[in-house]
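Since the structure is predicted, the reported quantities are computational estimates derived from the model, not experimental observations.
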Amino acid sequence: MDLRLGPGSQRSALSHRRGENSSARWSRAGTPGAPSRLRVEMNDLISGGSIVNAEAVWDHVTMADRELAFKAGDVIKVLDASNKDWWWGQIDEEEGWFPASFVRVEPHPPQPQTKQVFYINPIATPRFQNTTSKLWVNQEDGGAEPAEGTSEVQNGHLDPTNDCLCLGSPLQNRDQMRANVINEIMSTERHYIKHLKDICEGYLRQCRKRVDMFNDDQLKVIFGNIEDIYRFQMGFVRDLEKQYNTEEPHLSEIGPCFLEHQDGFWIYSEYCNNHLDACMELSKLMRDGRYQHFFEACRLLQQMIDIAIDGFLLTPVQKICKYPLQLAELLKYTAQEHSDYRYVAAALAVMRNVTQQINERKRRLENIDKIAQWQASVLDWEGDDILDRSSELIYTGELSWIYQPYGRSQQRVFFLFDHQLVLCKKDLIRRDILYYKGRIDMDRYEVRDTIDGRDEDFNVSVKNAFKLCNKDSEEIHIFLAKKPEEKIRWLRAFAEERKMVQEDEKIGFEISEYQKRQAAMTVRKVTKQKGVNRCTPPSYPPPQDPLSVGQYEVTEDMAQGEVFEFSQSKRGQAPFWQNFSRLAPFKK
């Protein structure tokens, strides 16, 4: 059984262009991926120098290093199709494995003379008869007799877009297709609940009994919040069953169920973010034969299908990514006048946002090692680690800073993370060295824009300034940017920081203690090398550029001698800052 995201393949539809040679024949396949003869033919084409392209029909979210990530519509160059489930392909310069059931195949020979079109549907099931895939084959001799059955139009239907006769099932009407999609959704949900039950009762419950083999931290890493997901899915499926019309499935209204439970789907974020750590922990345990025998005994006792535990633990990751694909298919066969149409459309938007945010959180966790390395490169660090509260660098740059009234302006380098703003000072001689000078808790401060002119709080004239004001006291910090555009970028970055914090609180995103320990181990390995790799933490994508230059004017009557503004250093940039500027989220 293929647990990868995708409907699998059980049958294929065969067609050919009328009047052309159809000597090549393909048999129907009962296994996932493309039919075996098609795979053999594809590999022959590849070895013969043909370019075989596959069009992605579904998004593929990767969880392993050697997997190839892509989105629906991407074109993948197939380099090896010998395996029925997983093919090796290339997008641009990146190569990796991808599931065959995610793509439709379209090989192109180098110099085709007479083209013959076969439509092979490697991802079709009896529920999705109308989905087809194109295979262009080079035919040297073109005047052959039509294949058997091409004159029997009643056995198939014409494809109006390419004048092609598609043999197989008759074209189903929209209601029947919608019923097929609904049935597919209900069937996969019931099977998914069975998988979750097997994980919780077959594996997790048995592991808890063996305190001599597992501690609580290990179980938390391996299984994450799988029990929360199981409870949520049972409630979700109960509501789906209430909306399911068994007599006329096409009349079912399941869109509202997704909208009512939309907040609950965020629990998948924690599980997906933890999945890589779970795989690493399992890999370490499996080096001991006792654990291999134990997990296999759990599987047999629960009467689960013959799949390793890591395959079962992958199913929630696949499931959350599959919802947008199923809803998109459902929307395609839902008429606009159908009572469920607007709910399905809204549910599709919601689930796409969920998967997008989960991918974003995963990207952030992949970068925490670099944040820890950056902190290790800052001298005289004091207090908590960055990762204790933050997981993303949002913006960075140099500003002039005044902390108290009548205080002098100081030039500092500021790093805005979620929850905190870190202040650093460059070394006077080695400009690539930073010294820690403090931090500001962004949860306790609010940002206020400041107009150019004399500031009442500090009794000085300022330009391109903004303030951070403590919500609980009268403490105020004032910052001065070099240009108006830079000030606008900072203001937008602060707004983005608050938005990120709110979203993280909504879905419960946080860095686990296990992930922090892994990052610390990476830092120790780096510091053992000669010197310290000084780098900036990976950055959050920048807000849009501010208004164009020329839309900001400085009043002529402002006394320049009384104006505090950013003074640009005449010293050339060190290699660290050159690398830094390339990694910074906003272009200067």
### Message
According to salt bridge (charged side-chain N to carboxylate O under 4.0 Å, His left out), who are the partners of R448, at least two apart in sequence or on a separate chain?
### Response
E446

### Message
Quick check on ring-ring contact (aromatic ring centres under 6.0 Å, His included): which of F494, F414, W490 does F479 satisfy it with?
### Response
F414

### With A278 via side-chain contact (heavy atoms from CB on, under 4.5 Å) - residues at least two apart
N274

### Query
Are any of the side-chain heavy atoms of E67 and W86 separated by less than 4.5 Å?
yes

### Query
Residues two or more places apart in sequence or in another chain: which of them pass salt bridge (charged side-chain N to carboxylate O under 4.0 Å, His left out) with R361?
E503, D504

### Message
With salt bridge (Lys or Arg N to Asp or Glu O under 4.0 Å) as the rule and sequence neighbours excluded, what pairs involving residues 264-273 come up?
### Response
K220-E270

### Task
Just jot down the side chain to side chain donor-acceptor pair (under 3.5 Å) partners of E497, sequence neighbours excluded, or say none.
none

### Task
Please list all pairs passing the side chain to side chain donor-acceptor pair (under 3.5 Å) test where one or both residues lie in residues 339-350, with sequence neighbours left out.
R178-D340, E253-S339

### Pairs touching residues 372-386 that satisfy salt bridge (Lys or Arg N to Asp or Glu O under 4.0 Å), sequence neighbours left out
none

### Query
Excluding sequence neighbours, so at least two apart, what forms side-chain contact (heavy atoms from CB on, under 4.5 Å) with D427?
I429, R430, I433, Y435

### Neighbour count >12 (heavy atoms, 6.0 Å) for atom NZ, K71
no

### D449: partners by salt bridge (charged side-chain N to carboxylate O under 4.0 Å, His left out), with sequence neighbours left out
K487

### Task
Determine which pairs satisfy salt bridge (Lys or Arg N to Asp or Glu O under 4.0 Å) with at least one residue from residues 414-424, sequence neighbours left out, and list them in order.
R364-D418

### Query
Among all residues two or more places apart in sequence or in another chain, which pass the side-chain contact (heavy atoms from CB on, under 4.5 Å) test with N215?
D217, Q218

### Message
E227: which residues meet the side-chain contact (heavy atoms from CB on, under 4.5 Å) condition with it, sequence neighbours left out?
### Response
C200, L204, R208, R231

